[in-house]
Amino acid sequence: MCGIVAYLGDHQAYPILINGLKRLEYRGYDSTGVALHNGSLNIYKKKGKVTDLENFVGEIIPQSTIGIGHTRWATHGEPSDRNSHPHCSSGKKLAIIHNGIIENYGAIKKDLSDKGYKFHSDTDTEVLISFIEDIKKENDCSLEEAVRIALSKVVGAYAIVIMSADNPDMLIAARKGSPMVIGVGKGEYFVASDATPIIEYTKDVIYLNDDEIAIITRNDLSIKNIDDVALTPYIQQLDMDLAQIEKGGYDHFMLKEIFEQPNSIADCMRGRLDAKKGNLVLGGISKYSEALVNSKRIVIIACGTSWHAGLVAEYLFEEYCRIPVEVEYASEFRYRNPVINEGDIVIAISQSGETADTMAALELAKSKGAIILGVVNAVGSSISRITDEGAYLHAGPEIGVASTKAFTAQLTVLTMIVLRIADRKGTITKELYHELLSELESIPEKIKSVLKSNAKIEYISDLFKDARNFLYLGRGFNFPVALEGALKLKEISYIHAEGYPAAEMKHGPIALIDENMPVVVIATSDSSYDKIISNIQEVKARKGIVIAVVTEGDVLIPKMADFVIEVPACHEALMPLVSVVPLQLLSYHIALMRGCNVDQPRNLAKSVTVE
Ligand code: M6R
């Protein structure tokens, strides 16, 4: 979490930093700050969002052609002015921005305090910059050398950028476990947590790897590893444009991303799927497709919404490939002693490709000899780089903290993988294989049709915006959708919501149902239709209020439910792609009506790069 941005060039740094911080705000938004150089280090920082910093700085743009900026998601120390970044070294000669956690900062802080260093914040970051200052002084060495020595002694994760009062022509950047990208312009350089602050200035970028340090001056950029060995920078071209990271007329990124789904799913299938010709090509996993076909077991690792996509994938793999699948929370997997054997297949699902728990779980699986595959959205992200192979989502940048279009793109990619393997294994009939290919191709049109219910969903939202609890029920392929609907609602509207397999209700949650409990039932016409009707009746018998997502033309459920939202008919294996959309809209409207910040919900950040 936390967003970092830095600039060195001929232009004024402040507007570039502010613009970049606004783009990175999805990564954390509890405090913001910049450091500039105008004869000496000038630091402006404030608790709150980037606009609070702008108001604090005022109309007059502080002059400087070098600067660093930070938007924070607090880990060490409450959100406050004094805990905001940038932080200065004790002697005020160095300023730093940091994304990550220095785990051994307590011991370092004690040593420095014993030497007389004073600290003005509760952060690990302030300790790190004073540690660097101390090493520089003790060893009488260059800043670059001091950074290198300090980083070889710290434990934890970091993406840092440092500037010095003594040198207004140099930035030092380094990373380990937290993302960092360097933009190379004409006579100017940019550093950021992701490419969004850079895209409008240059498309030439370098993704810094773990344990690498970049020394950026006005005329040069050099990269070394932590052992001081010079490396050749690898410049790549960004495959992204400005329009993709702007709201495009929508009030919120979340709404834009919900409405983008017909296109993002089509983009995800483009060049891979041609149902008429019966073609399904996934170049990204060609090397290991044989291993997938022959695998005896697959482990899926993910967090949050991506974990829900993993659950749908479990059902798909088991149904069509007859391969047993375990879906693991990355945060649990990494701290167990999981049974992973040489050659096992582990698939990581991640929108950002930077989730710390998923990354660590993958590293663990890799160390045990597993083949690791990625289903990732962010191109060039850490997870996409450590996996042996993978398939990108191609859904475009997802900015809203609540994941929407990434979920449906994940389902699309996972379905394509499953169908490819099932066809190779011969565990699916040719007829069904072709039927599912055509169905998949028709999903964008079906989602367009669901989006037409937006006004009706807004109306329903208004009736339930003050509810204190919500239950979401589904069966089979729609059970993970119930979990996803509940997560969407709680993360952006702060209403307590729980998702359950509908039949589990009688083992506990049914006790919650009374006339005040809205129950969203995903009750599309599928193999468990009769069963879910019984579950609806159980809810109604206890005076619960049923909001049912049903297949168009259903005549039975509308007679029992209080409200229905129709979705087009679809094969049950692909229904989650369609049935999740009304739930995304429901949570969006409820959150908005409750006055919540839809794109930047409290306590959350888009990329969870700390454990
Ligand atoms: O970037 P990732 O897919 O790895 O992120 C995983 C979760 O942090 C993420 O899905 C989170 O649960 C979302 N806020 C859900 O909307």
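The shown structure was predicted, so the numbers you read here are calculated from the model rather than taken from an experiment. Hydrogens, waters and symmetry mates play no part in the numbers below; they use all other heavy atoms, side chains included. We count ligands from 1, going down the list as the structure has it; atoms in each ligand are counted the same way.
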Considering only the protein, which heavy-atom contact is closest to [atom], and what is its distance?
| atom | value |
| --- | --- |
| atom 4 (O) of ligand 1 | T355 OG1, 2.4 Å |
| atom 8 (O) of ligand 1 | V608 CG2, 3.8 Å |
| atom 12 (O) of ligand 1 | G304 CA, 3.3 Å |
| atom 16 (O) of ligand 1 | E491 OE2, 2.4 Å |
| atom 7 (C) of ligand 1 | C303 O, 3.7 Å |

- Query: When you measure from atom 1 (O) of ligand 1 to each heavy atom in S403, S352, S587, which option holds the nearest one?
  - Reply: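 Comparing heavy atoms across S403, S352, S587, the nearest one to atom 1 (O) of ligand 1 lies in S352.
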- Count the heavy atoms of every other residue, nucleotide or ligand shown that sit under 6.0 Å from NZ of K47, and state whether that count exceeds 12.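 For K47, atom NZ is not crowded (no more than 12 foreign heavy atoms under 6.0 Å).
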Only heavy atoms of [X], strictly under 4.0 Å: list the atoms of ligand 1 that pass.
| X | value |
| --- | --- |
| T305 | 10 (O), 12 (O), 15 (C), 16 (O) |
| S306 | 2 (P), 3 (O), 10 (O) |
| V401 | 13 (C), 14 (N), 16 (O) |

- Task: Kindly indicate, with the supporting measurements, whether the criterion side chain to side chain contact (heavy atoms under 4.5 Å, CB included) is fulfilled by E484 and L583.
- Result: CA-CA 8 Å; E484 177 59 7; L583 309 190; over 6 Å; no
- Classify the side-chain pair S403/E398 by whether it contains a donor and acceptor separated by less than 3.5 Å.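 Yes - a donor-acceptor pair under 3.5 Å links their side chains.
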- If you measure from CG on L440 to CG on L436, what distance do you get to the nearest 0.5 Å?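 Reported value, rounded in 0.5 Å steps: 8.0 Å.
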- Message: Once ring-ring contact (aromatic ring centres under 6.0 Å, His included) is applied, do any residues pair with Y250, and if so which ones, sequence neighbours excluded?
- Response: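 Y250: ring-ring contact (aromatic ring centres under 6.0 Å, His included) contacts with F259.
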- Query: How would you list, by chain and number, every residue that makes a side-chain contact (heavy atoms from CB on, under 4.5 Å) with E491, sequence neighbours excluded?
  - Reply: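 E491 satisfies side-chain contact (heavy atoms from CB on, under 4.5 Å) with V401, A402, L487, K488, L604 once adjacent residues are dropped.
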- For K247 and D599, work out which heavy atoms get closest and say how close.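 In terms of heavy atoms, the two residues are closest at CE-OD2, 4.2 Å.
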- Message: Looking only at distances, can you tell me whether any N or O atom of K488, backbone or side chain, sits closer than 3.5 Å to an N or O atom of ligand 1?
- Response: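 Yes, there is a polar N/O contact under 3.5 Å.
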- Item | Heteroatom proximity flag, A402 to ligand 1, N/O under 3.5 Å |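 Among all N and O atoms of A402, none is under 3.5 Å from an N or O of ligand 1.
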- Task: Without swapping roles, check the side chain of K256 against the backbone of E246 for a donor-acceptor pair under 3.5 Å.
- Result: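 The answer is yes, because a donor-acceptor pair under 3.5 Å joins these two groups.
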- Could you tell me whether ligand 1 has any atom less than 4.0 Å away from a heavy atom of E354?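 It does not, in that no heavy atom of E354 comes within the 4.0 Å cut-off of ligand 1.
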